[in-house]
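Here the structure is a predicted model, which is why all the values come from computation and not from measurement.
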Amino acid sequence: MKSILPVAAAFLSFSAFSGDHVIQVCSVQTHSNNLALIQPCGNWSSKNNCTWNGWIAWSLDSEGGKLLHETAQKALTFGNIHAPRVIVRTDGNSCFGGYDKIHMMRITKNR
């Protein structure tokens, strides 16, 4: 039983911040090395235990990454006028360029 406790504790700490998070996009940035980033408004602290806070990152190497970037630009374009709900998904451990890596971004109407 004692040997299971460290494994259970590691699993709980690993998944503590995984899941969906509602944000508002304040900045979108890309780099020549195919790194894309968004800066959520407010104070974003790393949900994946990454080195840097304040930004969320993903790769533009795939079509999916390019679609994430397009979604982020749309969210930024809406701004405060029709601020949509932006939901990003973290897995609790993936980092990219030192920032939280996401695999999903969703924009929904505020109802």
Interatomic distance, [X] atom [atom1] to [Y] atom [atom2] [nearest 0.5 angstrom]:
{"X": "Arg89", "Y": "Met105", "atom1": "CZ", "atom2": "CE", "result": "12.5 Å"}
{"X": "Gln39", "Y": "Gln29", "atom1": "CD", "atom2": "CD", "result": "8.5 Å"}
{"X": "Asn48", "Y": "Asn93", "atom1": "CG", "atom2": "CG", "result": "6.5 Å"}

### Task
Might you confirm whether atom CG of Asn33 has over 12 heavy atoms from other residues, nucleotides or ligands at distances under 6.0 Å?
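Atom CG in Asn33 is crowded, with more than 12 foreign heavy atoms closer than 6.0 Å.
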### Task
Check the surroundings of atom CG in Asn49: do more than 12 heavy atoms from other residues, nucleotides or ligands lie under 6.0 Å from it?
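It does not: Asn49 CG has 12 such atoms or fewer within range.
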Shared ILVMFWY cluster between [X] and [Y], side chains joined below 4.5 angstrom?
{"X": "Met104", "Y": "Ile38", "result": "no"}
{"X": "Val22", "Y": "Ile56", "result": "no"}
{"X": "Ile87", "Y": "Val25", "result": "no"}
{"X": "Val88", "Y": "Leu76", "result": "yes"}

### Query
Of all heavy-atom pairs between Ser94 and Cys50, which one has the smallest distance, and what is that distance?
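For Ser94 and Cys50, the tightest heavy-atom pair comes out as O-SG, 3.7 Å.
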### Query
If every non-hydrogen atom of Gly54 is compared with every non-hydrogen atom of Pro40, which pair is closest and at what distance?
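Smallest interatomic distance, heavy atoms only, reads O-CD, 3.5 Å.
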### Query
Would you say the side chain of Gln24 lies within less than 4.5 Å of the side chain of Val86, judging by non-hydrogen atoms?
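No - every pair of side-chain heavy atoms lies 4.5 Å or more apart.
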### Query
If you group Ile, Leu, Val, Met, Phe, Trp and Tyr whenever their side-chain heavy atoms sit less than 4.5 Å apart, what else falls in with Trp52?
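Same cluster as Trp52: Leu35, Leu37, Trp55, Phe96, Tyr99.
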### Query
Can you list every salt bridge (Lys or Arg N to Asp or Glu O under 4.0 Å) pair that touches residues 95-105, not counting sequence neighbours?
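Every pair satisfying salt bridge (Lys or Arg N to Asp or Glu O under 4.0 Å) with a residue in residues 95-105: there are none.
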Atom pairs and distances, donor-acceptor, side-chain atoms in residues 64-73, under 3.5 Å, two or more places apart:
residue: Glu70; atom: OE2; partner: Lys74; partner atom: NZ; Å: 3.3
residue: Thr71; atom: OG1; partner: Leu67; partner atom: O; Å: 2.9

### Message
When you compare the side chains of Ser59 and Asp61, does any donor N or O come within less than 3.5 Å of an acceptor on the partner?
### Response
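Yes, a side-chain donor-acceptor pair sits under 3.5 Å.
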